[in-house]
Amino acid sequence: MTNYLDELNSQQKTAVTAKPGRILILAGPGSGKTRVLTHRIVYLMREMNVSPWNILAVTFTNKAAREMNHRIEQLLDAHPRGLTMGTFHSVCARILRRETDNMRHYQRDFVIFDTADQLQVVKRVLKELNLDDKKFPPPKLLNGISNAKNELITPDIYASTNYISEITRRVYEQYQLILQANNAMDFDDLLMNTVLLFKEHPDILQTYQQKYQHILVDEFQDTNTTQYALLQHLAAQHNNLFAVGDGDQSVYRWRGADFRNIQRFQEAHPDAQVILLEQNYRSTQIILDAAKAVIQHNQNRTHKNLFTERQGGEPIVIDEAYNDLEEGDIVISTIKSLLLNGYSPGDMAVMYRTNAQSRVLEEAFIRANMPYRLIGATQFYKRREVKDIIAYLRLVHNPADSVSFNRIVNVPTRGIGAKTLQTLQAWAAANQWQPADAVIELATNPEVQHPFRGRAFNALHNFGNMLSAWITASAGSHVGDLFDLILEQSNYREYIDDGTDEGCDRWDNIMELRGVANDPNLTLSEFLEQVALVSETDNLEEVPNSTTLLTLHAAKGLEYPVVFITGLEEGMLPHSRSMQDAEELAEERRLFYVGITRAKDRVYLSHAFRRTFYGTTEATTPSRFLMDIPEALTIGSKPKQRRQESKARASSWHQSTPSWSSNRSQSSSSLGASRHSSSSPAHGGNQSSDKKSASRYEPTRKPLPKPNSPYDEPKRATPTSCQFSTGQKVEHATFGKGIVIESKITGNDEEVSVAFNKVGIKRLAASFAKLAVVE
DNA sequence: GGATCTCATGTTTTT
DNA sequence: CATGAGATCC
């Protein structure tokens, strides 16, 4: 604990020990920004005698918050009691819940509406305003509303400049009223309402300013106007704001993030200290040089002189596949070769621009029987059955929530149809009730005047009875018990678990959710907030040792020894929707930059000559970004002009990619395939994120050509004698020095086992590993 | 109330 | 192509 500052380089130390004030840390990729943040917090506590109660650290993801907490705990060897660490949204939710007495429209138990709930509200507004949802698509309107909230624009100051924005303004206005009537906030409200609260109540703001004397922010380039305003308000008194970010990694512009907040910050506070973190601890020099070459094409950026001690490194491999199918096979065969070189499946990640691209890759993994983990598939909390149960719980917690009411009032079906609901709405509205209040009234007040008869009355009465029983039960019982009670009385299992595989999966998902609800220390309110603000990737444990498939966006903040970036074609990356606008194009370039800089040792870039979109296959043009990487850093077919499609293709591109020819022939032979896939179960990779995916792809999976067919290449000659012998001292680019313990010919390659000084015994393929004999 | 069909839609999505 | 929402039919 004494020497925690010694593990920092000079720039990091300058940052960590900077005199409190406005401090901006411009941190290149892999430069240790989390380390700087965590050490700074420890420094404040240890050296500056700041109480943890007076520190606020905000991140964008729960994962980042947890990681920082964990690392601080390690540094202190104790839990930092009192420290406020969390996402923007969770910190704001906490403040708002504490301050509902001072808010006009909300009560303490407000719920958080997710995107699906929001859409329901927008649709309802359109109906109320008699607007055509074909002409005004709800998602577009919602986007407009969200943008406004991110810019801190309330309906009353929303300036409509044209017809569509006038419509947006009107919908926005009604939308907010419905949310308030439902005692609900959407994600953007959590941020905006906190800022509005501070603006309206300077005394409350002052309380928080006094509490949070030191504020630290991660990923500052991703803040939107509202988040920036929030930070400015909170920091206005003590002026201690420690912001860490990198404009070059700003990839959420489309969500309202504005990396110009970095410049804004500097202009607003000319006295702010600006510290650059330029030493990269992740990548080789070659990878860093390639990344720098790419990002240098963007204008208006703060130049950083990134450097690393990992001189040299493996060249960037660029490969052209015939089509997207072959691209997948190339990735697979490269992975197999890398497995022979001591890498394990978990060391590698395959990245792409759009989720749609994952399918072909997934199929390649399944075919090859290789373990993979797909990030970003249908999210657990977005599943129908999970949302249903959460809607039940939410309604019990907050009966004003009419979106949840509508969702489950007739799920499972209990004879409350559209006609009955309409009558109910009208009756409730006439009495100034929300629909749940109305059915409870119906069930509990025999005197009440109502418009229902016969079956409709019975159905509503029964539902009202159940609902009020649950509300009563919720007061004294654990979430898990309430959960079981609702499941039992609603007959939900019979409804969802219909004996099919899918029904069984759905029931499993509910049981998984029950597992989360079962924590006896969790109140219903806390459970619901956790479920609303925690994304699935935060919750599920990683599938051990499988290759990760993910979008470039999802890759931000992660690192892998080996990175594949696929689909480097015009229209794909940069994406076609981004090519008209210089700002958007710059963001695409940053996305590519983010992808490259995830890699520690090796980068593989690939593009397909033909790609299938929406059923039709079209020829592509290699991405302009590929041309930005200096030739000296790459091997493989550096695209210069579009290739001709011809019979000669098989020979033409394999000849032009010498490095690949050996890899591919190696792994499509018995060597790679048979030995290295045996340890991984068939669908080992996709069990976590999408239980459906296996069955979803099963029926559509076409019998694809075995590695041997059209685009296979001539086999390499089998080496006849061993290059290496036992006891020889060798050196490897990544693993360092070692001693050969065995060498033999297998398949068409020489396999060498080497005991490395640092990393232990590895099995390597001689044709692939650049093993140098020492002495 | 539920199954089946048709049609539009298709970038990224920390919370 | 593949998915989802809404309309239509039973």
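Note on naming: letters A, B, ... go to the chains in the order of the sequence lines (proteins, then strands), and numbering restarts at 1 for each one.
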Query raised in the report: Does A/His553 lie flat on the base of B/dT12, that is, centres under 5.5 Å apart and planes under 30° off?
Result: no
Is the phosphate of [N] approached by [X] (side-chain N or O, under 4.0 Å from OP1 or OP2)?
X: A/Thr551; N: B/dT11; result: no
X: A/Asn355; N: B/dT11; result: no
X: A/Lys123; N: C/dG6; result: yes
X: A/Arg255; N: B/dT15; result: no

[X] side chain, from C-beta outward: closest of [options]:
X: A/Leu533; options: B/dG1, C/dA5, B/dT15; answer: B/dT15
X: A/His89; options: B/dT14, B/dT15, B/dT11; answer: B/dT15
X: A/Asn410; options: B/dT12, B/dG1, B/dT15; answer: B/dG1
X: A/Thr413; options: B/dT13, B/dG1, B/dT15; answer: B/dG1
X: A/Asp133; options: B/dT14, C/dC1, C/dG6; answer: C/dG6
X: A/Asn62; options: B/dT14, B/dT15, C/dA2; answer: B/dT15

Requested in this report: Give a yes or no on whether a donor-acceptor pair under 3.5 Å exists between the nucleobase atoms of B/dT11, that is its base, and the side chain of A/Arg577.
Outcome: no
